[in-house]
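Structure, as structure tokens:
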Amino acid sequence: MMCTSYQANNNKTYYMETKTKKDTITTINPTTEKELSTYNYLKSDEVEDKIEKSHKAFLDWKTKSLEERGKVIKAIGKELQNYKKELAELMTNEMGKLLKQSNQEIDLCTAICNYSADNAPDALKNEERELSNGGKGIITYSPIGVIYGIQPWNYPAYQVIRYSIANLMAGNSVLLKHASNVTGTGKLLESIYETAGLPKGLFSVLVMDHDASDKVIKHKLVRGVTLTGSPDAGRNIGEKAGAEIKKTVLELGSNDAYVILDDADLEVAVEKCVKGRIYNNGETCIAAKRFIVTEKNYDAFKENFVAAMKDLKVGDPTSEDTDMGPMARKDLREKLHEQVEKSVENGADILYGGEIPDGTGYYYPATVLDQVKPGQPAYDDELFGPVASLIKAKDNEDAMRIANDSKFGLGGAIFSKDIEKASKLAEKHFDTGMVFINSFGLAEPNMPFGGVKDSGFGREHGGFGMKEFVNAKAILTVSYTHLRAHETV
């Protein structure tokens with residue numbers, strides 16, 4: 001499971017994600033369309049105070065051993081389980097994901113805490129190397145300071161855990177600007193961290209607008225910026241951070257291709273592709289989006305895939321038998337529908353769905369498009385919702401060509417009975433950061449997560465995230481005994 005499009009948080013639609021007044025944010029339940037809670041924006045002096053306290057907390061935290069930090073990080077994982085019911089219900093109420101998937105998200109967050117605590121001593125340990133002059137070189141991975149994270153709404157807990165736990169484990173302190181429509185989740189996570197024993201100031205939520213956010217990026221005490229969002233948001237944030245000579249990690253959107261080869265098991269392919277498209281209500285950056293099927297299998301795959309999409313139950317996300325809930329916001333549903341309509345105008349056919357339903361809640365049906373070609377949003381762009389794009393390829397080689405014919409490169413999948421062949425294609429010919437063989441995109445704490453091309457740069461998970469915002473410091477030493485011996489010679 002994964003990430004999101006932050007695009008709507010970086011243009012005119014940002015102001016539609018919640019009801020906003022000059023100084024407050026009101027979150028809205030996408031299932032009932034009723035207001036949930038109202039939060040006050042921080043004043044400029046309050047933001048400044050939080051940044052300064054974050055830096056002060058960092059100065060003490062960086063001196064703690066990895067084992068000491070690890071105990072606190074593991075305690076956060078346990079506290080997430082203690083708050084599981086409250087946190088899961090809040091996430092579902094704020095952005096509409098299935099309640100059972102909210103619970104799964106919290107379990108993943110706990111696993112990330114445990115993995116980070118257990119593996120940091122090895123990932124961040126000092127390294128020794130021999131020097132050409134007979135001396136000894138030591139490489140340390142030293143924390144750099146306050147790390148500012150701008151995070152999306154689609155995985156309200158996971159997105160925060162993913163970057164914050166890695167950086168806290170590395171010895172940094174963390175600031176969070178969460179998406180406005182999941183402000184409550186961000187605030188609850190802050191409370192959970194402190195309840196678990198994380199010293200105050202090390203993790204702080206900043207409830208503010210984008211003008212205030214830009215000032216945080218410029219602040220002299222902020223040393224790094226990480227964003228999960230759209231390519232446009234990545235360019236914007238990357239430019240601002242780069243102007244301040246600050247490192248960034250950008251985990252951006254995608255249009256993941258799922259390739260069904262000639263020898264694929266179609267039953268498995270259909271099952272996994274449907275799950276990959278509608279998991280998290282289809283609002284996932286590494287969701288299955290383009291389904292590229294060889295001519296040999298196209299008609300059979302299409303028939304069974306459409307049938308499976310028709311069988312999905314769309315409704316109340318708190319109900320155990322619901323397959324898909326509402327989209328997170330009204331404006332997101334409208335944008336998705338516009339992309340579908342524009343694709344149809346440019347030659348795509350709707351095999352199922354494609355109509356905004358009447359009634360309460362920001363629901364959108366599972367939708368399947370055929371005749372998808374370049375020049376259509378369904379082919380070129382990211383459709384961040386439950387819309388599947390079917391594309392026919394001549395053969396296996398043509399399927400891989402089409403898969404790579406994208407400005408994105410986050411994830412993708414290959415379906416084949418020949419695992420060795422599929423793995424070689426993934427290694428040599430799939431231009432993405434992640435490839436799933438006979439499955440769909442899920443995060444694993446011990447595997448790197450991130451993309452290439454317009455899907456961004458930098459990695460999280462697998463120990464890689466703990467090294468993104470550290471100083472690989474070189475310490476070069478020569479003993480007095482060696483120096484005297486050299487002088488004598």
Side-chain angles (χ1 to χ4, degrees), residues 6 9-10 14-15 17-28 35-62 72 76 83 87 90 94 143-153 156-157 159-161 163-165 167-168 172-229 233 236-237 240-241 243-244 246 248 469:
Y6 180 85
N9 295 1
N10 193 45
Y14 163 76
Y15 300 98
E17 65 174 33
T18 52
K19 291 186 177 180
T20 60
K21 296 181 181 179
K22 184 176 181 181
D23 300 316
T24 63
I25 295 169
T26 300
T27 53
I28 298 170
E35 295 182 359
L36 291 170
S37 298
T38 297
Y39 304 89
N40 294 320
Y41 279 131
L42 293 173
K43 297 176 181 178
S44 58
D45 61 330
E46 292 174 317
V47 174
E48 176 69 26
D49 183 60
K50 283 183 177 289
I51 295 173
E52 290 181 1
K53 287 180 177 177
S54 182
H55 177 68
K56 184 177 180 180
F58 156 71
L59 294 177
D60 182 62
W61 183 247
K62 73 174 184 177
V72 178
I76 292 173
Y83 278 83
L87 180 57
L90 179 58
E94 285 192 321
I144 62 174
V146 180
I147 307 302
Y148 177 42
I150 304 171
Q151 297 302 313
W153 46 264
Q159 301 284 10
V160 176
I161 294 290
Y163 90 97
S164 67
I165 293 300
N167 279 291
L168 290 168
N172 296 313
S173 63
V174 174
L175 301 173
L176 166 66
K177 182 192 181 303
H178 217 336
S180 299
N181 59 326
V182 291
T183 297
T185 298
K187 299 289 288 183
L188 180 54
L189 287 172
E190 184 177 39
S191 177
I192 289 171
Y193 279 35
E194 290 190 5
T195 301
L198 186 72
K200 286 191 174 183
L202 282 177
F203 177 80
S204 302
V205 176
L206 305 179
V207 181
M208 59 188 181
D209 61 20
H210 282 281
D211 289 338
S213 177
D214 290 345
K215 293 177 182 177
V216 173
I217 294 172
K218 292 181 180 179
H219 200 286
K220 63 182 181 180
L221 294 179
V222 173
R223 298 291 301 276
V225 182
T226 180
L227 163 81
T228 296
N236 182 34
I237 298 301
K240 287 180 168 63
E244 304 300 322
K246 295 178 182 179
T248 56
F469 292 104

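Closest of all the heavy-atom pairs between Ala241 and Val225 is CB-CG2, 4.2 Å. Across every non-hydrogen atom of Gly224 and Phe469, the tightest pair is CA-CE2, 3.7 Å. Nearest heavy atom pair, residue Val222 against residue Val216, reads CG2-O, 3.4 Å. Nearest heavy atom pair, residue Lys187 against residue Val205, reads CD-CG1, 4.1 Å. Taking all atoms of both residues into account, the shortest heavy-atom contact from Tyr39 to Val207 is CB-CG1, 4.5 Å. Taking each heavy atom of Lys200 and Ala57 in turn, the nearest pair found is O-CB, 3.6 Å.
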Legend entry - Full working for side chain to side chain contact (heavy atoms under 4.5 Å, CB included) between Leu168 and Leu202: CA-CA 8 Å; Leu168 290 168; Leu202 282 177; 4.1 Å; yes
Inset, instruction - Give the C-alpha distance, both sets of side-chain angles, the deciding distance and a yes or no for side-chain hydrogen bond (donor to acceptor under 3.5 Å, both in side chains) between Ser204 and Ser54. - result: CA-CA 7 Å; Ser204 302; Ser54 182; 5.3 Å; no
Inset, instruction - Please report the C-alpha distance between Ile147 and Leu175 in whole Å, then the side-chain angles of each, then the deciding distance to 0.1 Å, and finally whether the side chain to side chain contact (heavy atoms under 4.5 Å, CB included) criterion is met. - result: CA-CA 6 Å; Ile147 307 302; Leu175 301 173; over 6 Å; no
Inset, instruction - May I have the step-by-step check of side chain to side chain contact (heavy atoms under 4.5 Å, CB included) for Glu94 and Asn181, ending in yes or no? - result: CA-CA 6 Å; Glu94 285 192 321; Asn181 59 326; over 6 Å; no
Inset, instruction - Kindly determine whether Ile237 and Ile150 satisfy side chain to side chain contact (heavy atoms under 4.5 Å, CB included), including the steps that lead there. - result: CA-CA 9 Å; Ile237 298 301; Ile150 304 171; 3.8 Å; yes
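Rounding to the nearest 0.5 Å places NZ of Lys246 at 8.5 Å from CD1 of Ile217. Here the CD1-CD1 distance, from Ile161 to Ile192, works out to 8.0 Å after rounding to the nearest 0.5 Å. Distance NE2/His178 to CH2/Trp153: 11.5 Å, rounded to 0.5 Å. A distance of 6.5 Å separates CG of Asn40 from OG1 of Thr24, quoted to the nearest 0.5 Å. Between atom CG of residue Leu198 and atom CD1 of residue Ile76 there is a gap of 5.0 Å, rounded to the nearest 0.5 Å. In this structure, Lys215 NZ and Ser44 OG are separated by 6.5 Å, a value rounded to the nearest 0.5 Å.
Without hydrogens or angle criteria, Asn172 side chain to Gly145 main chain gives a donor-acceptor distance under 3.5 Å. Side chain of Asp23 to backbone of Tyr41: no donor-acceptor contact under 3.5 angstrom is found.
At least one side-chain heavy atom of Leu221 sits under 4.5 Å from a side-chain heavy atom of Glu52. Counting heavy atoms from C-beta on, the side chains of Glu48 and His219 come closer than 4.5 Å. A heavy-atom distance below 4.5 Å is found between the side chains of Phe58 and Pro143. Taking 4.5 Å as the limit, some side-chain heavy atom of Leu87 sits within range of a side-chain heavy atom of Thr185. By the 4.5 Å heavy-atom criterion applied to side chains, Tyr163 and Gln151 are counted as neighbours. Looking at Lys50 and Leu206, their side chains come closer than 4.5 Å, going by heavy atoms from C-beta outward. With a 4.5 Å cut-off on side-chain heavy atoms, Asp214 and Lys240 count as touching. Under the 4.5 Å side-chain criterion, counting only non-hydrogen atoms from C-beta, Phe203 is in contact with Val160.
Qualifying side-chain hydrogen bond (donor to acceptor under 3.5 Å, both in side chains) partners for Asp49, counting only residues two or more places apart in sequence or in other chains: Lys53.
Under 3.5 Å, the side chains of Thr26 and Glu35 contain no donor-acceptor pair of N or O atoms. No side-chain N or O of Thr27 forms a donor-acceptor pair with one of Ser37 less than 3.5 Å apart. Side chains of Ser213 and Tyr148: a donor-acceptor N/O pair is present below 3.5 angstrom, by distance only.
For the side chain to side chain contact (heavy atoms under 4.5 Å, CB included) criterion with Tyr193, the lone passing option out of Val72, Val174, Ile165 is Ile165.
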